[in-house]
Student: 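Mind having a look at this structure? Questions to follow.
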Protein chains: 2
Amino acid sequence: MNERSGTGSRPPSIMEVAKQAKVSHQTVSRVINGFPGVRPETREHVLKAIDKLGYRRNSAARTLVTQRSGLIGVITVGSFLFGPTSTLVAIEEAARRHGYMVLLSTLREGDDVDLTKAVNDALGQGVEALVIIASRESLVRRTAELRTGVPLLVVGPSPVDVRDLATLSVDQDAGARTAIDYLVGLGHRSIVLLTGPQDWTDAQLRLAAAREECERHGLAYRVYDGDWTAASGYAAAGRLVEERWATAGGLVPTALFSANDHMALGVLAGLNAAGVAVPAEVSVIGFDNIAGSDYFSPALTTIEQDFTALGHRVLLASLAMLAGDPPDLTPVPATLLVRDSTGPRAESTSSSS
Amino acid sequence: MNERSGTGSRPPSIMEVAKQAKVSHQTVSRVINGFPGVRPETREHVLKAIDKLGYRRNSAARTLVTQRSGLIGVITVGSFLFGPTSTLVAIEEAARRHGYMVLLSTLREGDDVDLTKAVNDALGQGVEALVIIASRESLVRRTAELRTGVPLLVVGPSPVDVRDLATLSVDQDAGARTAIDYLVGLGHRSIVLLTGPQDWTDAQLRLAAAREECERHGLAYRVYDGDWTAASGYAAAGRLVEERWATAGGLVPTALFSANDHMALGVLAGLNAAGVAVPAEVSVIGFDNIAGSDYFSPALTTIEQDFTALGHRVLLASLAMLAGDPPDLTPVPATLLVRDSTGPRAESTSSSS
DNA sequence: TTCACATATGTGAGCGTTAACATGCGATTC
DNA sequence: GAATCGCATGTTAACGCTCACATATGTGAA
């Protein structure tokens, strides 16, 4: 039924459909947009003409007059790691469900120039709202300075000193606290906090919360710097082993909280290489629940973030802002996943000084 | 310098810039598009007016008249696994470098209806070219039936019986052969091929190539079914252990080729649980080089796919098709990454029947 | 019948931009 | 000094759609 002109000419317009269906272009428009007040018979004719001509609405023309592009710009900056990517996919899915499409920009590094350009490009394409998945503190700050003219939502924790910036994220704070509490419940009194790069807000928040929670419980703890990679986790394991040698009595670290799963993987490899048993001698807990973490050796206890929920919430919030309503910005919960890499503190450990 | 009207009215148009700069709108257009024949002084005025008004080109209007949206539709279907995601990011990056933006659609499952809808939506937004990252055989077939009216490129191996479909991919064939050859070089004569789901073209191709290569070398081999997950790799390890018990002499499998790294991770975990030493008793080789595979226990020997190169090539090919030139569709190479999970066949193994 | 009134359809303008062509003007040529 | 050229700029008409309004047609009340 569907025939298309093979020439390089323009695709059929609403006018040609109108002619074909012997109605006015406006009636065609009404049919396309499902407006009421069109006789079923007329509608039928129009639909047939549309099918015959292979007509497809030109959204450029529509956007030009309505100011509505049906586009949401999503800018992910700095990484294609697990979290950002999962969030992106979830946002896209939610967007499509709500009749929007996603215009994507991925920036490798937190380059200000690139960010500004990406924002401008997206705005130039007429996006109705802008979502920035920014993991770095500095980036979020830049973002706050941007005057975009459309609703702007940042996925990632908000710096406390930046006001008037809509941010939405997984509850890093609660997640980190849950992890520490769980370790405390297992009897651990001295633990290592392996943190991510400090210019990542997620890393900051996880560390700050874990630290506070340690202090609240009166734990002995020390902080190791990591950079999200398994390699840095491996190095941390080496340091931990040394520390266990050098430390006396009840202060020997018996557990490690890694700010992400990749580093935890490195930690497991490092401990294994050093002959330290997990969880018998040291418990390890991660953060993210990346694919495969249930098959690490041993299976990794970790904090799972519900990125699908996050993505949906991001879209809902954008839509709310678009409608002029206050968005729901409460953080998305993170939940504990207990597996094999954590266990009760071994009594022998405290006596091995 | 930049002031913006706070009202909800329309943003400034080229006309207002023209009035502000006391030139015609066409001159403004010339400045915006960098056309020659504008006096530097005039250009200066226009630029100043643009800055003052906070003018930004309305791409809907531009698209309407030029038929060029600057948009490339990318549809990823069925997974957010390592490969597809990496490819997407690389495409986006290449696109931006060439002045295009990416309109994203992610489909969870290979639902035909969704695919058609996604294609139509993208076309409706005026994409100039369409890239479909399809991992499933059936999907690629559907794709071939789509008449889009714009250049269409499929990322993923092409079914041999489907003609006239531009496809581009990593050289799965060469990658799998490299892996087998490497094992052969280490002296292995009996190996297990752990394959992915057979409706994934990648899985098919990797298996077919590995199989052929095994036969070419006169190896004993058997095929285990997997589903890309670490869990299925774990199960495969169990089966392998049984097989080693039951098999006699030189036919005891001493190596396993896993069609992806996640499954290889599961295999490592399974072998470890069964007390089988890697690589002393069994060598394991993966495919993908996912993040962290260098910190598996032991570090995984694998085949690395250069997705960045693939993404760039995809864009180049799209551009070529757009220009009416024949695209370069030769596969992107895959390279061997030797790490610790593979080693020479242990002599003891063949005598342990 | 005549008016009002709803319901179905048509008409014209305008959205912001570019493409094609038209104009103005100083410099060059004969 | 007129004709010619080249450069810088202006004018007009699309592009395909939606909006606001105008016009037919049918229906019931006065």
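Naming: A, B, ... by sequence-line order, numbering from 1 per chain.
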Student: Within the 4.0 Å heavy-atom criterion, would you say A:Thr42 contacts the bases, only the backbone, or no part of the nucleic acid?
Tutor: sugar-phosphate
Student: What are the two closest non-hydrogen atoms of A:Ala60 and B:Leu64, and how far apart are they?
Tutor: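 That would be CB-N, 3.9 Å.
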Student: Please report, rounded to the nearest Å, how far the P atom of D:dG26 is from the CD atom of A:Glu41.
Tutor: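 My rounded result for the distance is 13 Å.
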Student: Quick one: does B:Gln67 reach the base of D:dC15 with a side-chain donor-acceptor pair under 3.5 Å?
Tutor: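 There is none.
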Student: Distance alone, cut at 3.5 Å: any donor-acceptor contact between the side chains of A:Tyr100 and A:Glu128?
Tutor: yes
Student: Between B:Asn58 and B:Arg10, do the side chains contain an N or O donor and an N or O acceptor separated by less than 3.5 Å?
Tutor: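 There is no such pair (donor and acceptor under 3.5 Å, judged by atom type) between the side chains of B:Asn58 and B:Arg10.
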Student: How long is the line joining CG of A:Leu64 and P of D:dC19, in whole Å?
Tutor: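 Spelled out: CG on A:Leu64 to P on D:dC19 is 12 Å.
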Student: Check this for me: does the side-chain of B:His25 come within 3.5 Å of the base of D:dT12 through a donor and an acceptor?
Tutor: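 Checked by distance alone, the answer is yes.
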Student: Looking only at the side chain of A:Tyr55 (C-beta and beyond, no hydrogens), which of the listed nucleotides D:dT18, D:dC17, D:dG16 gets closest?
Tutor: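 Among D:dT18, D:dC17, D:dG16, the one nearest the side chain of A:Tyr55 is D:dC17.
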Student: Round to a whole Å and report the spacing from CZ of A:Arg43 to C1' of C:dT9.
Tutor: 13 Å
Student: Among D:dT18, C:dA8, D:dT9, find the nucleotide with the atom closest to the side chain of B:Thr27.
Tutor: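 That would be D:dT9.
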Student: Could you pick out which residue, A:Val23 or A:Val65, lies toward the 5' side of DNA chain C when each is mapped onto its nearest nucleotide?
Tutor: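 It is A:Val23, whose closest nucleotide lies nearer the 5' terminus.
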Student: Quick one: B:His45 NE2 to D:dT9 C1', roughly how many Å, whole number?
Tutor: 15 Å
Student: Output the rounded distance in Å from CE (B:Met15) to P (D:dA13).
Tutor: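 Roughly 13 Å, once rounded to whole Å.
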Student: Nearest whole angstrom, please: distance from the P of D:dG16 to the CZ of A:Arg68.
Tutor: 22 Å
Student: Tell me: CG of B:Asn58 to C1' of D:dC17, nearest whole Å?
Tutor: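 My rounded result for the distance is 13 Å.
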Student: Check whether any side-chain N or O of B:Arg10 sits under 4.0 Å from OP1 or OP2 of C:dG14, and answer yes or no.
Tutor: no
Student: Does the distance from a Lys or Arg side-chain N to an Asp or Glu carboxylate O, for B:Arg96 and B:Glu92, drop under 4.0 Å?
Tutor: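 The answer is yes: the pair qualifies as a salt bridge.
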Student: Would you say A:Ser29 places a side-chain N or O within less than 4.0 Å of OP1 or OP2 belonging to D:dT18?
Tutor: yes
Student: Rounded to the nearest angstrom, tell me the gap between atom CZ in A:Arg62 and atom P in C:dG16.
Tutor: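 The distance from CZ of A:Arg62 to P of C:dG16 comes to 17 Å, rounded to the nearest Å.
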Student: Nearest to the side chain of B:Arg39, which nucleotide is it out of D:dC15, D:dG10, D:dA8?
Tutor: D:dA8
Student: Would you mind classifying the nucleic acid contact of A:Arg30 as base, sugar-phosphate or nothing, using non-hydrogen atoms under 4.0 angstrom?
Tutor: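 Result for A:Arg30 = base.
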Student: Between C:dA20, C:dT17, D:dG16, spot the one nearest the side chain of B:Gln26, thanks.
Tutor: C:dA20
Student: For A:Glu16 and for A:Phe35, find the nucleotide of DNA chain D with the closest heavy atom, then tell me which residue's nucleotide is more 5'.
Tutor: A:Glu16
Student: Using side-chain contact (heavy atoms from CB on, under 4.5 Å) as the criterion, list what pairs up with B:Ser59, not counting sequence neighbours.
Tutor: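 For B:Ser59, the residues satisfying side-chain contact (heavy atoms from CB on, under 4.5 Å) (neighbours in sequence not counted) are A:Gln125.
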